[in-house]
Each structure stands twice: as structure tokens, then as C-alpha cells.
Number of protein chains: 2
Amino acid sequence: MAGVRERARAGVIAEIVRLARLQVAESGAAALSLRAVARDLGMVSSAVYRYFASRDELLTQLIIDSYDRLGEAAEAADASVKRRSDYPARWRAITHGIRQWAIDNPSEYALLFGTPVPGYAAPQDTIGPAGRYTWVLLRLLAEMEASGRTSAVATPIPVALRSDLTALRSNLGIPVSDALLAVGMVAWANVMGAISLELFGHLHRVVDTPGALFEAVVREQGERMFPGTTASRRPSKRT
Amino acid sequence: MAGVRERARAGVIAEIVRLARLQVAESGAAALSLRAVARDLGMVSSAVYRYFASRDELLTQLIIDSYDRLGEAAEAADASVKRRSDYPARWRAITHGIRQWAIDNPSEYALLFGTPVPGYAAPQDTIGPAGRYTWVLLRLLAEMEASGRTSAVATPIPVALRSDLTALRSNLGIPVSDALLAVGMVAWANVMGAISLELFGHLHRVVDTPGALFEAVVREQGERMFPGTTASRRPSKRT
DNA sequence: GAAAAGCAAGAGCACTGCTCTCGTTCGAGA
DNA sequence: TCTCGAACGAGAGCAGTGCTCTTGCTTTTC
């Protein structure tokens, strides 16, 4: 019953992950050293291999954890909006929540959305947690459409995307129209693009307040997904 | 008189860079090994340090080169459009040119837009070449406005962004209105975001034809920058 | 022609991931 | 309760890394 050894093992694993996360947070994923983790742990390096078969396996665990935390942050941001039917507000909250998490945990964001490690194919274990933060966005879209509101999308959907969209919908089992799903994915790319440009230093000599660019992105895509909801149709009106 | 030694030195440097680029192309930037380059070169590792003070310095050179090639690709794509006044066509050509370069050179794209190396601050030398591909886009916007056409932007510009935009315009010395510049930057983030999601594997179980998502992004942002130009205002019309 | 600078080589340091072997310790089944 | 196998930590070791320093040799410059 909850074997002593098992419990100890779980504890050691948790400690390894904790120390590894610390190391990643302050030196980046590339600098993660199993030997250093072992030293911090008061162990010899070979002992760590009892718990993780390789450095990559440890990294995979960190990736899974990070995806989970990101998903958690997104969910919390969504939940912070009291009026559940205020979809634009939820959109803003979620996207800003994602960005804030990225800013607070730059190394972990880089771990998830930066250069994949060479020859590293994301194992099955990651695809679940990886979808968690996108689920928050998808749910938002589904709820909005379920409430009867519909967004009039101006740009047509490229034909090649249509089959992808239907496949995706059936895979996820979430009822979102092709049109809204397409808009949502474009918005997703825009949000992640803005965050990556900011976090990876590409806005350095370009923009002093990256948050403002992000706000522009969120606003534009929000306007596309929830047209006419913000009092901002006229460019003259200031906000 | 083009000193013999100088010429030899330039040749060796070129060879080092060539081999390093090869290595990056097939194993990723993280796996770039000075010792391996030296071996391929038939040299001992310490000799390479006569030409590059550190691995980072060599990487910086590769980054500069890659930015240059990307800029070249963008320029070539732009130049391939004969009707210079067909701005939407040029927009499509440039963005697809950038994406194609990224697909053809994934490791180099990752080098530029992936995780920055830990504690590595992009040296001054990179900021010039880094701007080259964005210049192509900026020029497009400037030329369009110079031709008298104007884009009616629906979403207002966040106040915080306004000062950034004016600063940017004076820094670059390129005449683009705040409104268009803001739209352009959002579009830029969208394009780079779509490419990064695709190249870094985040579309894996999401979309089978990433090109279609990219096309949707290009189309939407094109529609925003050059409104009413494509015969696609009505969602019913197929393309 | 001599002094100075550039160059390649080699040895060496401190570090990495990972493997293998060796005693020890723990815990589940007989 | 005892035993035997599995789990464990330590240590040595291999092959590799970035980088430094010294030692001779060659080329350039004065």
C-alpha cells in the first residue's frame, strides 16, 4: 500500500523535475544539464538515469508540465471574466493571460514554442497537454456560436483548408462552424506570432512597448471574431 | 596587393562558414560543433579560433548570412511581380516567398526566429541584415500610399502604439501612415506566427495542409491592407 | 636580413551525456 | 520469517564539447 519505495521514487522524480525546471528557468533549456541536476540533488549523475532514461526524456517531462501550466493560466484567465456571455472580454482575457504567462516564464515559453530540439519528435505524451490552452479558445468559440451569435467573416476560406477544418472538427468533437474555426486559427497564429516576436527579441529596435502591438493584434482579431461588439468601428474614436 | 595571406584567410573563413552552414542545415544550430567543423576542414580545433573567437561568434556570422538570404528571397519574390502597382499581388508574392524560404531552410529559419541562444544578445552586426526582409514589406506599404491609395483601417490603434509608430517612422525614414504601419505590423506578426507554428510542429495534429492556413492568413491581412482589391468580399464566392 | 605578426598543432582543463559494473538495501512471495 | 530478485546509489570510464596556452614554423614588414 503506497509502497515506501514507490513513494520515495515519486519524491525523487518530483525533486529532479523541480530542480530541472529551476535550471531551465534561469539558464534556458539548452543549458539543462543532468549532471548539474544530480549535483543539486546530492546524487551522482548515473543515479539520475534510474529515473529518466535520457536528458530528452527529462525535457519531455518539462515540456508536458509547461503545457499544463500554460493551459492552467489560460483557463484561469478565462474564468476570471464574470459575465460568461461577454465573449470579446473573455477573448481578451485569455490572450492576455497567455502572453502574461509567456512573459513570466520566458524559458518555458521558449521550450514550448521555440526551436524544437534537433531530431526530437514530440512524443505522444505531449499532444494532450499541448492542446489544453487551445481548448480554452475553442470552447469560447463554440459557446459563442451555441448562444446563437454568429460572426460574419469577410475573407473566404481557402479551399484546401475546408477539409482540414471538417477533419479537425470531427477530431475534436467540438461544434464550431468552418468559418469561425478558420478565423480562430488565423487569430491563434496572430497571437502566438506577436508573443514570439516579442519574447524572442524581434521587436527590439522596432517597438518600445510590445504590449501595444499585442493589444492591436488582440483587438483586430477580436473584431473579426466578434464583429461590432467593441465600440471601435470608427478609427477616429479613441480608446 | 591583395596580400597572399589575407586572401588565404578570407578563403578559410569562407570555408568555415560554408561547413558550419552545412552542419547547421542538417543537424540544427544547437548541434553546431566547432571541433566538427575543424575536422571537416582538416584542421585541429584550436586553429579555428584564429578565425572565430568563439562558437557564438561563428553562430552570429551564420545568423547574419541567413538574414541576408531571407532578405534576398523576399526581394526576389517581390521583384517577380511584373505589375508593380498590383500591391496585393506583391504582398502575396513576398509573404509566400518568405514562407518558402523558411520551408526550404528550416534550420536557418529556426536559427533566426526560434529560441535565442541563452544569454545571447544579438550584436549590432545583426540588426542591419535582420531588417532587410521587413524592408521589402515596408517599401510595399510606402509605395502604395505614395500612389495615392489609402486603406481604411477599421480597428483603432492602441494609444500606446502611436508613439512607437511615429518613432519607428522617423527612425526608418520611410513615409507610411500610422494606420497602415499598425496594420502592417499586425500582418507581419500574423505571417511570422503562421510560419513558426508550421515549422515548429504546432500544426501537426491540427491541420494537414499548413499552406492553406498560411493562405488564409495572407488573404485576411491582405484584405485589411488593400481593402476591396481581391474579389473576395463575399464569403460565398469561391476561390 | 632581422624583428614582428600570423598561423597550425598539440596538450590540457573542465564540462557534457551516457554506459557498465559493483556492492548495498529494500520488499514481496514462499 | 526468510530469501531472492529487483531497485538503488556510487564510481569509473568513454567519447565528445568549448576554450586556453604553449610551441614551433612561415610569412610579412621594417
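Predicted, not measured: the structure shown is a model, and the values here were computed from it. Numbers restart at 1 for each chain; the letters A, B, ... are given by sequence-line order, proteins then strands.
Inter-residue side-chain proximity for B:Leu59 and B:Arg55 is flagged as met; some heavy-atom pair is nearer than 4.5 Å. Under the 4.5 Å side-chain criterion, counting only non-hydrogen atoms from C-beta, A:Ser66 is in contact with A:Arg21.
Listed pair B:Tyr49 / C:dA8 fails the phosphate criterion, with no side-chain N or O lying under 4.0 Å from OP1 or OP2.
Rounded to an integer number of Å, the gap from CZ of A:Arg7 to C1' of C:dG27 is 15 Å. Rounding to whole angstrom units, CZ of residue A:Arg35 and P of C:dC18 are separated by 11 Å. In this structure, CD of A:Gln23 is placed 13 Å from C1' of C:dC15, rounded to the nearest angstrom.
Within the nucleic acid shown, A:Leu32 comes within 4.0 Å of sugar-phosphate atoms alone, with no base atom in reach, counting heavy atoms only. Contacts of B:Phe52 with the nucleic acid, taken as non-hydrogen atoms under 4.0 Å apart, are absent. In this structure, A:Ser45 reaches the bases: a heavy-atom distance under 4.0 Å links it to at least one base atom across the strands shown. Here B:Ser46 lies in heavy-atom contact (under 4.0 Å) with a base.
Of the possible polar contacts, one joining the B:Glu57 side chain to the B:Ala53 backbone as a donor-acceptor pair under 3.5 Å is found. For the pair A:Arg169 (side chain) and A:Pro175 (backbone), a donor-acceptor distance under 3.5 Å is absent. The backbone N or O of A:Asp208 lies less than 3.5 Å from a partner atom in the side chain of B:Asp164, making a donor-acceptor pair.
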Under 3.5 Å, which N/O atoms of the protein pair with N/O atoms of nucleotides 4-6 of chain C?
from, atom 1, to, atom 2, distance (Å)
C:dG6, N3, B:Arg5, NH2, 3.2

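With salt bridges taken as basic N to acidic carboxylate O contacts below 4.0 Å, none links B:Arg69 and B:Glu72. Using a cut-off of 4.0 Å between Lys/Arg side-chain N and Asp/Glu carboxylate O, A:Glu215 and A:Arg92 are scored as not salt-bridged.
Taking the six-membered ring wherever Trp is involved, the centroid distance between the rings of A:Tyr133 and A:Tyr109 does not fall below 6.0 Å.
In B:His96, the NE2 atom is crowded: over 12 heavy atoms of neighbouring residues, nucleotides or ligands sit closer than 6.0 Å.
Heavy-atom nearest nucleotides on DNA chain C were determined for B:Tyr51 and for A:Ser54, and the one closer to the 5' end corresponds to B:Tyr51.
The outermost nucleotides of DNA chain D lying under 4.0 Å from heavy atoms of chain B, listed 5' to 3', are D:dT17 to D:dT28.
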